[in-house]
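Scope of the values below: all heavy atoms of this structure, side chains included, with no hydrogens, waters or symmetry mates. Reminder, nothing fancy here: chain letters follow the sequence lines and each chain counts from 1.
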Amino acid sequence: MTATAIASETMTYREALRLALREELGRDERVFLMGEEVGVFDGAYKVSAGLLDEFGPDRIRDTPISEEGFVGAGVGAAMLGERPVVEIMTINFLLVAMDQVINHAAKIGAMFGGEVRCPLVIRTPNGAGNQLTAQHSQSFDGWFAGTPGLKVVAPATPADAKGLLKAAIRDDDPVLVIENLRVYTTKGEVPLDDEHVTPIGRANVAREGADLTIVSHGYATVRALAVADRLAEEDGVSIEVVDLRSLRPLDLETVARSVTKTSRVLCVEEGWPSYGVTAELCARIQRACFDDLDAPVERVGMAEVPLPYAKNLEHAALPNEDRVAAAVRATLDLAPAAA
Amino acid sequence: MTATAIASETMTYREALRLALREELGRDERVFLMGEEVGVFDGAYKVSAGLLDEFGPDRIRDTPISEEGFVGAGVGAAMLGERPVVEIMTINFLLVAMDQVINHAAKIGAMFGGEVRCPLVIRTPNGAGNQLTAQHSQSFDGWFAGTPGLKVVAPATPADAKGLLKAAIRDDDPVLVIENLRVYTTKGEVPLDDEHVTPIGRANVAREGADLTIVSHGYATVRALAVADRLAEEDGVSIEVVDLRSLRPLDLETVARSVTKTSRVLCVEEGWPSYGVTAELCARIQRACFDDLDAPVERVGMAEVPLPYAKNLEHAALPNEDRVAAAVRATLDLAPAAA
Amino acid sequence: MGTSAPARQSLLSTGERRALYEEMVLSRVFETEAERQYKAARIGGYCHLSSGQEATTAGVVRAMTPGDLLVTGYRCHGFALARGVSPDAVMAELFGRSEGCAHGRGGSMHLLDVQRGFYGGWGIVAGQLPIATGLALALVRQGRSDAVVCELGDGAVNMGAWHESLNLAALWRLPVVFLVVNNGYGMGTAVERASAEPELHKRASAYDMPGERVDGDDVDAVIETTSRLLAAAREERQPAVLEALTYRYRGHSVADAGLAYRSKDEIAERQSRDPLVRIRAQLLDAGLGDDDLDAIDREADERVAAAVAFAEASAEPPVDRLAFGMHALGSGEQFARMRPGSPFGEHELTFDAGLGA
Amino acid sequence: MGTSAPARQSLLSTGERRALYEEMVLSRVFETEAERQYKAARIGGYCHLSSGQEATTAGVVRAMTPGDLLVTGYRCHGFALARGVSPDAVMAELFGRSEGCAHGRGGSMHLLDVQRGFYGGWGIVAGQLPIATGLALALVRQGRSDAVVCELGDGAVNMGAWHESLNLAALWRLPVVFLVVNNGYGMGTAVERASAEPELHKRASAYDMPGERVDGDDVDAVIETTSRLLAAAREERQPAVLEALTYRYRGHSVADAGLAYRSKDEIAERQSRDPLVRIRAQLLDAGLGDDDLDAIDREADERVAAAVAFAEASAEPPVDRLAFGMHALGSGEQFARMRPGSPFGEHELTFDAGLGA
Ligand SMILES: Cc1ncc(C[n+]2csc(CCOP(=O)(O)OP(=O)(O)O)c2C)c(N)n1
Ligand SMILES: Cc1ncc(C[n+]2csc(CCOP(=O)(O)OP(=O)(O)O)c2C)c(N)n1
Ligand SMILES: [Mg+2]
Ligand SMILES: [Mg+2]
């Protein structure tokens, strides 16, 4: 922390989200949090711990297990000018509320000719936990990012967790904030300035490098940075990591600038790559950087199976650091001649 | 129809689906059709017209408006060895049943260690009709194709409509058959042989050509073929059209063979291209054919907006023939030098 | 039949009843014309008519105060007109023109007018219920003493969204009246073939919520019952279910002949009890003359003809505003860096078309 | 309390009651050990215990015939054991081993044994209800006179899937009994804070379906009521709701201390009425000696210790069978042409790993 920097503090990703909620709840009466176990239980993953005592049951509203019902209630409340933040315990459960998110929230602005808006925020973690198995270890990020009318962000660091959640709450459109089960406990410096807002639609070069670019979001960025450090040591390669932060809009300008520099790129995601986020990245990068690429755009994600329970199978199926490192090496091995 | 060919008949896509249903209902007692208005009403789009009289209300089962309930009922019945064919009036309504399709049907085989299977078929049309507007004009093809545990097919011709629906019904895994609102009335030759089954996972070179490959599925293939004929005439270019037929599994071998020959490729889909089916095609083609491409893999789809009602806006937003033709020309214009 | 009897002596003055007649006739004439225009291919999409249901539509809306909110399904022409949206704006919307109430973006199913508290016009069966619940929650949070009327059909009561919404509304005591317009069929499916409890209002008990059934063709009964339930919603935050029994004369949509699943006799029998005829008779009893009433009918014809002329004259929405309204002002800035590598033609079609830039 | 009184004179012989005691003790001991193993990090994922609910679990399964089918939520250890799945296969599954009942792919939430008619162990709240409805539909289509028991929790009755499933079951007269295990809480949410109608069995009336409530800690009452409802399901295709009132001693899952939303006193009070103590007292009354019963307890300890040993000895599932079971035999052929351009490492991880090739 340099002398000129704004006061900041080291905290977990979870605490950074809580800080953002507390600041926005305090700033704007229209903001309220709604979801299963967000109050009395302090949140299934403790993001909202303590907020019930501070803001009361009207603003920290426990719901029945009825995702379709209370996501839709968020949509309706937002249409009347409220600023609901709906917590979905994990993204897997958003599948029972898809109709409200895709057929309703995402349609309102355009379908009604701009006559009414829907400033709704939905927060939910994606990805694998610790052997949570097939029904509880998914990432549907690309489905939402591919839906016109929605905005989708996925912070990878505590600072961005605070900044992007605040940006989402202040945005006048429906925004999905994708968190991650494993990232909650990661730590980092977080600005205490209550105007610390990370703009939507801006990627971040999380690590500078010259030989290859890794493009990722959310927890995959944490993995990417670890692999970059490891390969710098083991292979002496210099990897640049572009953390997308936003999936819709997508900041391809920043990605393309990096790829133009490194000529090689690996896209990493927690979810299944086929028809996933990394598919879109490959599609845009090969078009934007066709003349710059020395090798095909590569990608790594979760093995294309419903995630198995057994620890060894789960580890093998996830985009673990060994798999990411192997993909980096393979991408670097391809002689430019081949291109 | 050549002398050696099996007896075939010209019929609409809708009639071909009905023929497949009739044949399979007759062949296997375990097969039954279930959905809204499939019986007394003859089907919202008349695919099942007449089948109620022929097979009775137990096998042509009208349901309440409860997609989550009866899709799940199909899952359960399939687990006990039945062969349910569930009709969803349009793919937009599948959003209320996503949990049963993605969190349940797709998980059964792997999550239960192969102890039980789910031979379920879901049939539903995607795409735009005639000014049906934002909530009724969508295509979520890639969402399902990106879900391990599912198989997804999308016939573009009456012959494949019959062949792929029969293949889906006979398959031991859950299969989504994606039809299309506009393709129902298209006509074509359909083999009458009741063993006419189109294998899942095999694309079809629907038109041979040398200058550029269009890769598409469903109704987009109908558009692609029309554009190919038109540009052959207007510009004297030779376009090859690869009709995917299956989205999961995806027959990249056939696609790559064509691209290797033409060196230029345009992917077309009815839905939104970002994070869509064409994104996955771009990702795989650029990797499989990196050294063969003279231009980036291009794509065209529905404009990235909730489809507006007004006729002129709807036309502009859809991947109409003018937009596809313009994309073909732009892709051909790019000098190989540029690559 | 378990319907509550019409109010002993009507709450309506003759003038009010006359005004209701005007509304009901206007709705009937408007939709008859809409069907004609649809068949002339000047209206597209689905077009769901409510001919026969006018007493329910007009009566319910009459019981609402200006501050109350309205949400409906896709069969919403009558509700929009009853709530005071001009026939011009509605017809222009059906024609897909800029001066339509949704600027040509929504069409028949997605009418709205937020100034009049009409929050749409929704097309997914029962999808509007959670939204209505949320509007009611917002009313409470904002300290308003208004209520929400949420229209749905008899087919919608079998959707999960019905269950989740009613439970939330009852649990949180939200001011919303769920109006079940029971016209006997969901497309071709009779109520008894869809609902295990065909007396739909009884389902309210599963949420410890009052549920009532009313003859939806008796405008006095509709107004009386709706007023009572809305008052309880406004004053005690008591949500409720109101089932109105009525009948749809035309097919499910203009594309459906409506004869595969019901008999011509059944339709004729219902038409013989046409709510328009009923109220017209009441007005004659009240001393109005046939000429008065014929004049009202003529005015409706003229009003609708004028609406068609207005719609024809209204401009098509400009194609370069394809994405108009999709995102809030300022969003263009957020999307500015998305262009590299975009699908062919995407810029022209979307990014340059009203991303609130 | 509106619970049906225990059957006047019990239907159970002392031998049968003794067998039930064995089952209940085995379940309790098994789960106590599972918690220990979880804390020793040899079991992962979520681990939901049913300690305190044994009378409901054992009683309901006892009322089932071999041909009946069982579907449950994720809190399913006790149901698997009661249905006769060996503790070895269950513990091996919790350990994620090849000899687990789901070959290590499912874990605690996804136990099953189709030979015993147990169709899983599901993790999405209420997701198992539509599936149970479909199993019942299949029973009818196959002309079988068996029935389905579908377990769910008190929190699941607020999901749309509950509503759609019960309506379908009633409308189509499907042989299924929906067993609502009301243990007072859904995670930290008390029933009254989640359901507008806290007497959950009453919700059955919305489907014109019988609904009953029973003291879930009274094993005789559970068996009597379940038997009656299952008989009606088998013989008259009459679906029903059975609400069993019981209590969960431990937290929602092993990760939850279970004290943030309820008092220590409340837990102690319930434990003072432990169903295991109750049935043990009944057996003593019936003439069994403490030594007999202590022997049963010891056998349970040994059986569970043996299960742990079995699980430890069982092999981990081979990583090269990552996709085992995902697709039916012959699917490898269908996927053979998907490889070009596949994501890095995909072949090794998926295509070569049990696509039924
Ligand atoms: C979730 C969903 N499923 C199916 C449809 C197709 N659909 C449109 S209207 C309708 C019938 C609705 O009937 P009802 O609720 O009685 O309303 P009514 O048309 O009689 O006014 C159906 C099945 C839909 N729009 N949404
Ligand atoms: C659709 C859905 N939403 C949320 C969850 C997370 N969750 C798992 S169990 C549970 C509580 C369920 O309580 P109850 O139905 O009473 O069953 P119990 O745990 O008491 O046996 C919740 C909210 C889920 N699994 N599925
Ligand atoms: Mg109806
Ligand atoms: Mg519970």
**Request:** Find out whether D/M159 and A/E68 are in side-chain contact, i.e. whether some heavy atom of one side chain is under 4.5 Å from a heavy atom of the other.
**Result:** no
**Message:** If you define the side chain from C-beta out and look only at heavy atoms, does anything of D/S195 sit under 4.5 Å from A/P64?
**Reply:** no
Counting heavy-atom pairs closer than 4.5 Å to chain D, which one of [options] comes out on top?
| options | result |
| --- | --- |
| A/N130, A/T63, A/L313 | A/L313 |
| A/H136, A/E36, A/E37 | A/E37 |
| A/S66, A/A327, A/A317 | A/A327 |
| A/L95, A/T133, A/N92, A/V300 | A/T133 |
| A/I65, A/D42, A/D62 | A/I65 |

**Request:** Could you tell me which portion of A/A326 (side chain, backbone, both or neither) has an atom closer than 4.5 angstrom to a non-hydrogen atom of chain D?
**Result:** both
**Item:** Sidechain-backbone polar pair: A/Y309 side chain, D/F95 backbone, donor-acceptor under 3.5 Å
**Value:** no
Nearest 0.5 Å, please: how far is [atom2] in [Y] from [atom1] in [X]?
| X | Y | atom1 | atom2 | value |
| --- | --- | --- | --- | --- |
| D/E346 | A/S274 | CD | OG | 6.0 Å |
| A/E67 | D/N158 | CD | CG | 11.0 Å |
| A/M302 | D/L349 | CE | CG | 11.5 Å |
| D/F344 | A/T331 | CZ | OG1 | 7.0 Å |
| A/K311 | D/I43 | NZ | CD1 | 11.5 Å |

**Complete:** Most heavy-atom pairs under 4.5 Å with chain A, out of D/S342, D/G345, D/G155, belong to D/G155
**Prompt:** Centroid-to-centroid, A/F41 to D/H252, below 6.0 Å?
**Reply:** no
Search all heavy atoms of [X] against all heavy atoms of [Y] and return the closest pair with its distance.
| X | Y | result |
| --- | --- | --- |
| A/A303 | D/L322 | CB-CD2, 3.8 Å |
| D/G341 | A/R299 | O-NH2, 4.3 Å |
| D/V319 | A/A316 | CG1-CB, 3.6 Å |

**Prompt:** Is it the backbone or the side chain of D/H110 that comes under 4.5 Å from a heavy atom of chain A, or both, or neither?
**Reply:** side chain
